[in-house]
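This report refers to the structure that appears directly beneath it.
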Amino acid sequence: MDYDFQAIEKKWQQEWNQRKAYEVKNPTGSDKQKEPYYVLDMFPYPSGAGLHVGHPLGYIASDIVARYKRQQGYNVLHPMGFDAYGLPAEQYAIQTGQHPEITTEKNIARYVEQLSKIGFCYDWGRSVRTCDPDFYRWTQWAFCRMFNSYYDTDKQQARPISELVARLEKEDSHWATMSERERQEYLMQYRIAYLADTKVNWCPKLGTVLANDEVSEGLSVRGGYPVEQRVMRQWCLRVSAYAQRLLEGLDKIDWTDSLKDTQRNWIGRSEGAEMRFAIKGQDEPFTIFTTRADTVYGVTFMVLAPESEYVQRVVTEEKRQEVEEYLQWVKRRTERERIADRHVTGVFTGSYAINPLTEKEIPIYVSDYVLAGYGTGAIMAVPAHDSRDYAFACHFGLPIIPLIEGADVSEQSFDAKEGRMINSGILNGLEVKEAIAKMKAYITEKGIGRVKVNYRLRDAIFSRQRYWGEPFPVYYKDDMPYLIPEKCLPLRLPEVKDFKPTEDGQPPLGHAEKWAWDEKNEQVVDKKLIDNKTVFPLELCTMPGFAGSSAYYLRYMDNKNDNELVSREANTYWRQVNLYIGGTEHATGHLIYSRFWNKFLYDLGVVCEDEPFKKLINQGMIQGRSNFVYRYTGEGATGNLYVSYNLIDTPPYKGHVQPIHVDVNIVKNDILDVAAFRQWMPDYKDAQFVYSDGSSDVDNPYMGNATDKQYICGWAVEKMSKSMYNVVNPDDIVERYGADTLRLYEMFLGPLEMSKPWDTNGIDGVHRFLRKLWNMYETLTNEEPTADELRSLHKLIKKITWDIENYSFNTSIPAFMIAQSELAGLKCTKRAVLEQVAALLAPYAPHIAEEMWHRCGHDDLVIDAEWPKWNEQYLEESGVKYPVQFNGKVRFTIECAKDTPKDEVEKMVLAHADTTKYLNGNAPKRVIVVPGKIVNVVV
RNA sequence: GCGGCAUUGGCGGAAUUGGUAGACGCGCCAGACUUAGGAUCUGGUUCGCAAGAGUGUAGGUUCGAGUCCUAUAUGCCGCACCA
């Protein structure tokens, strides 16, 4: 019987559904507890374009692990959900008036359908979507808790704000005299979710602010629109309070070094010192941050960030206008201009600071190369040893004093962090490292400054001026925010008549009619009733995309719980995600925010693990592999003659062809389907070709119908996108080859973590393997397997087990192929062998494995089959000594004395019982003797 | 500029603790069966006529290096005026 993959896959998908094969239960009280294992994919944003062939890569890998762990007897949680709030649905809504909810619903349905076809073992009953009120209720809840918490720097954890209030009442005499509003303002400086005027990335085109990780090179990551800096009153999360813990937590988790480095880089811890510099003629000094305390003697000027509060304090009357003009100019510049044009700019403020060590007067400048958001927004400039300061000093003709022996600063600065100090008073003769330490001690002792650690990590801006997101459970009384009570959650997203911002520039929620809070009756009421006595306006912003994705993995543990985000019981059972698979693009966004969020919940005692994701794998991106046809543009060109790729560099075509993208779906193994091309677009209806052998339709109009003529396409690796006609839809592959072939082939493409182009060349080979394997299950016998058969089988078991344990899925497919060909060569029809092969194949190709498993006479499902165990004895009995190497290499190790001569060793090898058995009395091919160590024998 | 990753046949890639480099697949070549085949099966396929050479390049460690070390080139990714 032929391998009818369509029938098999349909049959088993239905069967799995009916038997509720993938339903996962939390153990209750008296249950015998199976060991839990939690495998998670980063949930997708359901875009209108549907899944392409790159999406399932990680999902297949996690599915393999999930199925494998299940066969090993674990209780496996392997859920899937949707990150359903987001910009594209909202922009689509603005353009078409279609409610984002409808678009999202439609897209999710499409995703579910596509995913189902691939045969993932998700428990859809545990699915979540971030736009579901039952879900975002817990996002709002967490926000409320953050609002009601502050970060206790002594205890290094979040504590209820009520503790801070209690302390203030007891210890701070000022507190009692404060008005309610003053108190709220004061507390706002401590809350973990707080409202503040901050400089934000404002994207006028999107009409919203963006977080730092949503901006790249001055453009929005989504859409690529210009972003400018603006000061706005925004909700923020005090992520920076967790900087040190986020950094330390990395040591406890099993992520790749490159990802950890990216996060370390993003957190950007730097140890340095804060120093106070007196201002000439003023009492109050100002503070700077430096990592190079050793270079104080070389400070020849100071620089303030344009946004720094110090600027107004130090600017002199004569210079005021010039400075103001500069500040205005800086403000007008977009982030993009600032990045593109890095010429030195700045102005002198007219004031002088006093170097605390040399007592010299040094001028204070304002320049936009100093950032307001880092350190204190002010620096001491050491032109000799900092390239930025050097450029500035050269531009303004300021003195440059070298501080390290042998440094030549006539052409450029000497940025190295080693050498012996000169021109540096008390530091002279010391190495840089010693000098830094000594200076830190000195300034601490003299009260000039203190040791200080700074982080690059900023607080996350949490407001978005958008419609399609979680509403804040916040209303405003006397212009101060108050939370609606937790028991009233979820605060549902209201209907609006327009998804654009209002005419007076309010966020889209400004259009909502019923969007006010009745404090007394604790309910949402019509906006018209606002009297600011009992009915108050609600917050108009919504939360950003990362809000809903920051704790979703917890909700899967207990997604039907109406009382809590996750019950204590469920959380202490599942604990944390054992294996998390997703793209590297979330390294500084989602993966920082959810670690922060999780740590906050940990402080609250809601979760029992302070890191959410134990092991993380970044699957590589699947790029597109575009195909090209080459239009002839040379002499006598008609515009519809296309030259085969192998001829484009030969006369008369050389230099006269224009590559044109062609739909990869009408190209197979780089050979164009000529008929399909002519039908593809009206323009190509009359296309003529020059084929690979040089023959042409022009000479013979019927040539194109001949079957031995081939038109070869060129190719290139590009981003998978519609405009390049290189998007491959998994549905098409499933239709043509089946889900099992798709699954195997995606794994076969290469290592999971590496980026690679999607290349359909070669998928036939994998499909052929499945067909060949399938044919072996035609008739089965109950005979005892032979030694050779067992050897093949046990080699396979060992290999596949090793592969999955080490996430090396790509090398499993060749192992299956080899086993198949070995067993076929032995004409193996033994049930005892083939049922084990089916069980091994089940994680990779579940449908065919299921069918094979049943042909072997089983009624249960293959996913519940026990994972086969290999037996060294079988491998030994068949004449192979452990360890067995994959390529048929065999190595022995025999201990021998240091100075044993080579031929002696050879004799010893031959005398060795196991060796003799394997060698059949022949001499080994190679004997390698390492004196005093081991002997390796290659046979 | 800083940090990370990669580089192996015509192509994707194997080589798990340093031990016969090129597994497996694609493509290609030859053969078989066919009226035919973009079907199936069998065999071959790193380069070189050969001796030999060979894992980006140049060194080093080692009995032995694709694998470890140093330098260097190229490509990809992340961060970037972070003091």
Side-chain angles (χ1 to χ4, degrees), chain A residues 212-213 216-217 256-266 268-270 272 288-292 295 303 305 338-339 342 344 367-371 373-382 385-389 391-392 415 454-458 584-585 587-588 618 620-621 623 625 668-671 673 707-708 710 715 744-745 748-751 753-757 759-769 771-772 798-799 802-803 805-806 808 810-818 821 883 885-891 893 902 925-926 928-931 933-934 936-939:
Chain A
N212 285 343
D213 67 285
S216 172
E217 310 217 345
T256 59
D257 287 339
S258 80
L259 187 58
K260 284 185 185 179
D261 279 339
T262 302
Q263 290 218 338
R264 286 193 189 106
N265 205 317
W266 189 258
R269 178 189 160 100
S270 63
I288 58 96
F289 174 77
T290 181
T291 53
R292 292 293 300 274
T295 58
V303 189
R338 206 169 140 152
I339 289 162
R342 286 199 178 161
V344 175
S367 174
D368 67 350
Y369 83 88
V370 175
L371 304 176
Y374 186 77
T376 61
I379 62 155
M380 59 180 215
V382 186
H385 303 287
D386 182 289
S387 53
R388 296 155 302 183
D389 296 344
F392 195 87
D415 291 11
N454 248 320
Y455 298 91
R456 206 185 69 98
L457 185 71
R458 311 290 161 81
T584 174
E585 67 272 18
T588 53
N618 285 128
M621 280 244 280
Q623 298 137 304
R625 188 181 188 278
K668 204 186 163 196
N669 289 0
D670 293 335
I671 308 293
D673 182 335
T707 47
D708 60 333
Q710 293 190 331
W715 60 276
L744 283 179
Y745 189 59
F748 183 61
L749 272 177
E753 299 183 73
M754 241 195 255
S755 281
K756 56 232 156 188
D759 181 355
T760 331
N761 300 353
I763 195 165
D764 290 306
V766 171
H767 189 67
R768 240 191 312 267
F769 152 70
R771 261 202 335 252
K772 286 190 222 166
K798 193 173 179 182
K799 170 73 178 146
W802 190 93
D803 280 350
E805 293 284 350
N806 291 280
S808 173
N810 56 322
T811 55
S812 282
I813 286 89
F816 277 120
M817 289 174 172
I818 290 165
S821 103
Q885 299 270 331
F886 173 48
N887 286 353
K889 258 178 268 176
V890 183
R891 258 173 69 201
T893 62
K902 206 167 178 174
K925 250 188 201 167
R926 239 162 47 124
I928 303 151
V929 184
V930 183
K933 289 185 198 165
I934 48 168
N936 293 297
V937 183
V938 181
V939 293

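This is a predicted model, so every value here is computed, not measured.
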Exercise. In terms of base orientation, is B:G9 syn or anti, with the syn window spanning 90° either side of 0?
Worked result: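 Syn, since the glycosidic angle lies within 90° of 0.
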So [Y] and [X], do their side chains get closer than 4.5 Å, heavy atoms only?
| X | Y | answer |
| --- | --- | --- |
| A:Asn761 | A:Arg625 | yes |
| A:Glu753 | A:Thr584 | no |
| A:Asp389 | A:Ile379 | yes |
| A:Ser821 | A:Phe769 | no |

Quick one: which of [options] gets closest to the side chain of [X]?
| X | options | result |
| --- | --- | --- |
| A:Arg456 | B:G25, B:A80, B:G13 | B:A80 |
| A:Pro751 | B:A83, B:G13, B:A23 | B:G13 |
| A:Thr291 | B:A23, B:A83, B:G12 | B:A83 |
| A:Tyr369 | B:G78, B:G12, B:C81 | B:C81 |
| A:Trp266 | B:C79, B:A14, B:C24 | B:C79 |
| A:Thr588 | B:C79, B:G13, B:A83 | B:C79 |

Would you mind classifying the nucleic acid contact of [X] as base, sugar-phosphate or nothing, using non-hydrogen atoms under 4.0 angstrom?
| X | answer |
| --- | --- |
| A:Lys772 | sugar-phosphate |
| A:Thr256 | nothing |
| A:Asn810 | sugar-phosphate |
| A:Ile379 | base |
| A:Val370 | base |
| A:Pro757 | nothing |
| A:Asp261 | sugar-phosphate |

Could you tell me whether the phosphate oxygens of [N], OP1 or OP2, come under 4.0 Å of any side-chain nitrogen or oxygen in [X]?
| X | N | result |
| --- | --- | --- |
| A:Thr584 | B:G78 | no |
| A:Tyr374 | B:A83 | yes |
| A:Arg771 | B:U40 | yes |
| A:Asn265 | B:G4 | no |

Please state the [atom1] separation for the pair [N] and [M] - nearest whole angstrom.
| N | M | atom1 | answer |
| --- | --- | --- | --- |
| B:U61 | B:G12 | P | 34 Å |
| B:C47 | B:A39 | P | 24 Å |
| B:G19 | B:A32 | P | 44 Å |

Problem set entry | 5′-ward residue of the pair A:Gly268/A:Met817 relative to RNA chain B |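 The answer here is A:Met817.
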Problem set entry | 5'-most by nearest nucleotide on RNA chain B - A:Ile763 or A:Arg625 |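 Final value for this comparison: A:Arg625.
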State whether the side chain of [X] and the backbone N or O of [Y] hold a donor-acceptor pair below 3.5 Å, judged by distance alone.
| X | Y | result |
| --- | --- | --- |
| A:Arg458 | A:Arg456 | yes |
| A:Lys756 | A:Pro751 | yes |
| A:Asn806 | A:Trp802 | yes |

Exercise. Looking at CG of A:Leu259 and OG1 of A:Thr588, how far apart are the two atoms once the value is rounded to the nearest 0.5 Å?
Worked result: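 If I round to the nearest 0.5 Å, the distance is 9.5 Å.
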Exercise. Is A:Arg264 salt-bridged to A:Asp261, cutoff N-O under 4.0 Å?
Worked result: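 Yes, A:Arg264 and A:Asp261 are salt-bridged.
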Exercise. So A:Tyr374 and A:Phe289, would you call those rings parallel, tilted or perpendicular, with 30° and 60° as cut-offs?
Worked result: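 Answer is perpendicular, since the angle exceeds 60°.
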For this session: Counting Watson-Crick and G-U wobble pairs whose two distances are both under 3.5 Å, find the runs of 3 or more in a row that involve RNA chain B.
Result: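 In RNA chain B, stems of three or more pairs: B:1-7 with B:73-79, B:10-12 with B:24-26, B:27-32 with B:40-45, B:56-60 with B:68-72.
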Are any protein N/O atoms closer than 3.5 Å to N/O atoms in nucleotides 27-30 of chain B? If there are, list each pair with its distance.
unit_1, atom_1, unit_2, atom_2, d
B:G27, OP1, A:Asn669, ND2, 2.9

For this session: Take A:Ile813 and A:Tyr745 through the side chain to side chain contact (heavy atoms under 4.5 Å, CB included) test and state the conclusion after the steps.
Result: CA-CA 9 Å; A:Ile813 286 89; A:Tyr745 189 59; over 6 Å; no
